[in-house]
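Report on the following structure.
The residues of the chain are indexed from 1 along the displayed sequence.
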Amino acid sequence: MLIKCFGSAIDGIEAVTITVEVSVSPGVEYHIVGLPDNAVRESLFRITSAFEHNGFKKPGKRVIVNLSPADMRKEGTAYDLPIAIGILTASEQIPCENLTDYLIMGELSLDGKILPIKGALTIAIKAREEKFKGIILPRANAAEAAVVNDLEVYGVESIREVTDLLTGSRIIEPLKFDHKQIFFSKLNNFDLDFSDVKGQEHVKRALEIAAAGGHNVLMIGAPGSGKTMLAKRMPTVMPPLTLNEALETTKIHSVAGKTGTETGLMPSRPFRSPHHIASPVSIVGGGGNPQPGEISLAHNGILFLDELPEFPRNVLEVLRQPLEDKNITISRARYTIKYPSNFMLIASMNPCPCGYFNHPSKDCVCTQGAVARYLNKISGPLMDRIDMHIEVTPVNINDLSEKRTGEKSSAIREKVIKAREIQSARFKNENIHTNSMMSSRHLDSYCKLDQESIQILKLAMEKLNLSARAYDRILKLSRTIADLDGETNILKQHLAEAINYRSLDRDTWGIRR
């Protein structure tokens, strides 16, 4: 007997429907064809054991399983469940007339329990596009898939539960819950707050500007000055995710198997902080079994690189194109995959190898050449894509002992949201969303300066020996600062503040004070 059921494969962050054809005929062989990997071939052993523990029998006949399209490689253990159901139906152990109404995916354990899979949200979206009535998948993935409306989502725990559902011997209700209400109820749930940070008011102001305009930031300062503490609190002042952003972000994390949320949708912007021993593939994605990298997992959120000069040069250089294009295309001999990577880069570093260059109370033991070599680990092209350079000085004991708390994240976030609303209105007919994404054409339209401001900018370029690449960044920052102040035009005080955030472009940086 020949039957067909349906599963799904992940291609990048999209899903492809897979037809699982099962033929049971006289003979003794068991074959899986259609470019299966080892995990798919090993499904026979898991399926056989699951049958034995749930009152089914492995057919004593020839079983041929074809995974179509046959020229696409099938990877992973999620095909266990559709293959098992196909064998049971083709061997007439269960009657199932509505098998083709459902898309089925799940990994089987030896006792017939169904284990979680990757990419449930992506698969559910594809199932709705393909007009399936419903999707059957592990219960652990049900909340994630239930985000997709107009689709019946059945979360199951065992193969017996699946057969009961398909044969109608047990009534199982599809999962339904108001994911929007749960999502919006968790938008402002944060364990951290900017008010926890003592002092560093100038750094908080800079990070407020960065959040408002989506600007990349480099913080440079001595160990213990609070760089990491400040960076970890950045998601608390970022604008909340929209439903579309949350869906897109959750989709990427679902494919990587990193959702870990009961709300279905991710309620907050991602914050990724890879260690400096990370490889280029782990940062941009790819590999033998293609997976999104850190820059894609940080999509619509923040990528934090602590101790930036400690990252290998080749790792840092792969960030240049994604920072500019907001996506990454990975090309290999067998595949080409495009992942989104619209993230905000926040990096931190010490000013020198020992960490105490220009420290107010500790002596630096590094030579002038050692300081220069340390700073030069970050290439010019990468530095060109970092809008703001912030010097973080150690907090004195008086500020640390004060009981007075600083401005709360919620207050900063309100200002950031208002500035983002101004930018949304400004760019409503453009394919950009924040000031940091403006091109030269946009600068001419939205960053016009009066004659006095032009003279200030010229003077700064000459006196501070700022590089030419700082020009556009200063204008973008000025535009964001003006938006925070609610000003239509860029004023000279906005320009002056923006100029102050280009410290590493100065020829005087690295000279002892």
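- Contact check for H389 versus V217: no side-chain heavy atoms found under the 4.5 Å cut-off.
- A salt bridge does not link R128 with E130: none of the charged nitrogens is closer than 4.0 Å to a carboxylate oxygen.
- Side-chain N/O atoms of S439 and H442 include a donor and acceptor closer than 3.5 Å.
- A 4.5 Å side-chain heavy-atom check between I330 and Y339 finds at least one atom pair inside the cut-off.
- The backbone N or O of C352 sits nowhere less than 3.5 Å from a side-chain atom of N350 that would complete a donor-acceptor pair.
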Evaluate the criterion salt bridge (charged side-chain N to carboxylate O under 4.0 Å, His left out) for residue pair D483 and R426; output intermediate values, then yes/no. CA-CA 11 Å; D483 290 341; R426 176 184 300 134; 2.6 Å; yes
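- No side-chain donor-acceptor contact under 3.5 Å links H359 to the backbone of A222.
- Residues Q423 and N435 approach most closely at OE1-N, 2.8 Å, considering heavy atoms.
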Donor-acceptor pairs are to be reported for all side-chain atoms of residues 373-383 against protein atoms at under 3.5 Å, with residues two or more places apart or in another chain.
residue, atom, partner, partner atom, Å
N376, ND2, A372, O, 3.1
S379, OG, E317, OE1, 3.3
S379, OG, E317, OE2, 2.8
S379, OG, L382, N, 3.4

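- Note that CD1 of I337 is 10.5 Å distant from CD1 of I13, once rounded to the nearest 0.5 Å.
- Atom CG in L323 sits 8.0 Å away from atom CD1 in I295 (nearest 0.5 Å).
- Distance alone, capped at 3.5 Å, is enough to place a donor-acceptor pair between the S436 side chain and the G213 backbone.
- Among residues two or more places apart in sequence or in another chain, the salt bridge (charged side-chain N to carboxylate O under 4.0 Å, His left out) test is passed with E14 by K251.
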Audit row: S341, N327, side-chain hydrogen bond (donor to acceptor under 3.5 Å, both in side chains) steps and yes/no: CA-CA 4 Å; S341 58; N327 59 67; 6.0 Å; no
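- For the pair L319/I283, a side-chain contact is recorded, criterion being any heavy-atom separation below 4.5 Å from C-beta on.
- Side-chain contact between T336 and T329: present, with at least one pair of heavy atoms (C-beta onward) separated by less than 4.5 Å.
- Listed by first then second residue, pairs satisfying salt bridge (Lys or Arg N to Asp or Glu O under 4.0 Å) with a partner in residues 269-278 read E245-R269, R272-E294, not counting sequence neighbours.
- Between the NE2 atom of H433 and the CE atom of M438 there is a distance of 14.0 Å, given to the nearest 0.5 Å.
- Here S445 pairs with nothing under the side chain to side chain contact (heavy atoms under 4.5 Å, CB included) rule; sequence neighbours left out.
- Taking a 6.0 Å sphere around NZ of K232, one finds it holds 12 or fewer heavy atoms contributed by other residues, nucleotides or ligands.
- Residues satisfying the side chain to side chain contact (heavy atoms under 4.5 Å, CB included) test with A496, not counting sequence neighbours, are none.
- Rounding to the nearest 0.5 Å gives a distance of 5.5 Å between CG of L230 and CZ of F194.
- Here the closest non-hydrogen pair linking G287 and V281 is N-CG1, 3.8 Å.
- The shortest distance between side-chain heavy atoms of C364 and C354 falls below 4.5 Å.
- With hydrogens and angles ignored, the 3.5 Å screen pairs a side-chain donor or acceptor of S478 with a backbone N or O of I474.
- Contacts of D485 classified as side-chain hydrogen bond (donor to acceptor under 3.5 Å, both in side chains), with partners at least two apart in sequence or in another chain: H494.
- Residue pairs meeting the salt bridge (Lys or Arg N to Asp or Glu O under 4.0 Å) criterion with at least one partner in residues 347-356, sequence neighbours excluded, do not occur; the list is empty.
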Walk me through whether I123 and N141 qualify under side chain to side chain contact (heavy atoms under 4.5 Å, CB included). CA-CA 11 Å; I123 293 170; N141 300 113; over 6 Å; no
Using side-chain hydrogen bond (donor to acceptor under 3.5 Å, both in side chains), reason through D193 and S195 one step at a time and then give a plain yes or no. CA-CA 5 Å; D193 197 281; S195 61; 2.8 Å; yes
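- When side chains are defined from C-beta on, S409 does not count as touching F190, because their heavy atoms never get closer than 4.5 Å.
- The salt bridge (charged side-chain N to carboxylate O under 4.0 Å, His left out) test applied to D325 returns no partner, not counting sequence neighbours.
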Could you give me the CA-CA distance, side-chain angles and deciding distance for D196 and M229, then say whether side chain to side chain contact (heavy atoms under 4.5 Å, CB included) is met? CA-CA 9 Å; D196 302 333; M229 187 178 185; 4.2 Å; yes
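- Listed by chain and residue number, nothing satisfies the salt bridge (charged side-chain N to carboxylate O under 4.0 Å, His left out) test with E414 (two or more places apart in sequence, or in another chain).
- Under the 4.0 Å criterion applied to side-chain N and carboxylate O atoms, E324 and R320 are not assigned as salt-bridge partners.
- Looking at heavy atoms from C-beta onward, P239 lies in side-chain contact with V416 at the 4.5 angstrom threshold.
- Counting all heavy atoms, side chain and backbone alike, M388 lies closest to A210 at SD-CB, 3.8 Å.
- Residue pairs meeting the salt bridge (Lys or Arg N to Asp or Glu O under 4.0 Å) criterion with at least one partner in residues 439-450, sequence neighbours excluded, are E430-R441.
- Take E107 and apply the salt bridge (charged side-chain N to carboxylate O under 4.0 Å, His left out) test, not counting sequence neighbours, and it matches no residue.
- Across A146 and L175, no two heavy atoms sit closer than the pair CB-CD2, 4.0 Å.
- Sorted by first then second residue, the side chain to side chain donor-acceptor pair (under 3.5 Å) pairs that include residues 220-231, not counting sequence neighbours, are T228-D306.
- For F311 against E307, the heavy-atom pair with the smallest separation is CD1-O, 3.7 Å.
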Step by step, work out the side chain to side chain contact (heavy atoms under 4.5 Å, CB included) result for S8 and L103. CA-CA 8 Å; S8 189; L103 195 151; 4.0 Å; yes
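- The structure places CG of L305 at 7.5 Å from OG of S273, a figure rounded to the nearest 0.5 Å.
- Salt-bridge annotation for R473 and D387: present, with a side-chain N of the basic residue lying under 4.0 Å from a carboxylate O of the acidic one.
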Between K418 and L484, is the side chain to side chain contact (heavy atoms under 4.5 Å, CB included) condition met? List the steps. CA-CA 7 Å; K418 289 180 180 178; L484 282 169; over 6 Å; no
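- With respect to R233, the side-chain contact (heavy atoms from CB on, under 4.5 Å) criterion is satisfied by exactly one of V197, L207, D191, I412: V197.
- One finds no salt bridge joining E407 and K204 here, because no Lys/Arg side-chain nitrogen approaches an Asp/Glu carboxylate oxygen to under 4.0 Å.
- For the atom pair CG of L495 and CG of L477, the computed distance is 10.0 Å after rounding to the nearest 0.5 Å.
- Side-chain contact between E248 and N300 is present, with heavy atoms from C-beta onward closer than 4.5 Å.
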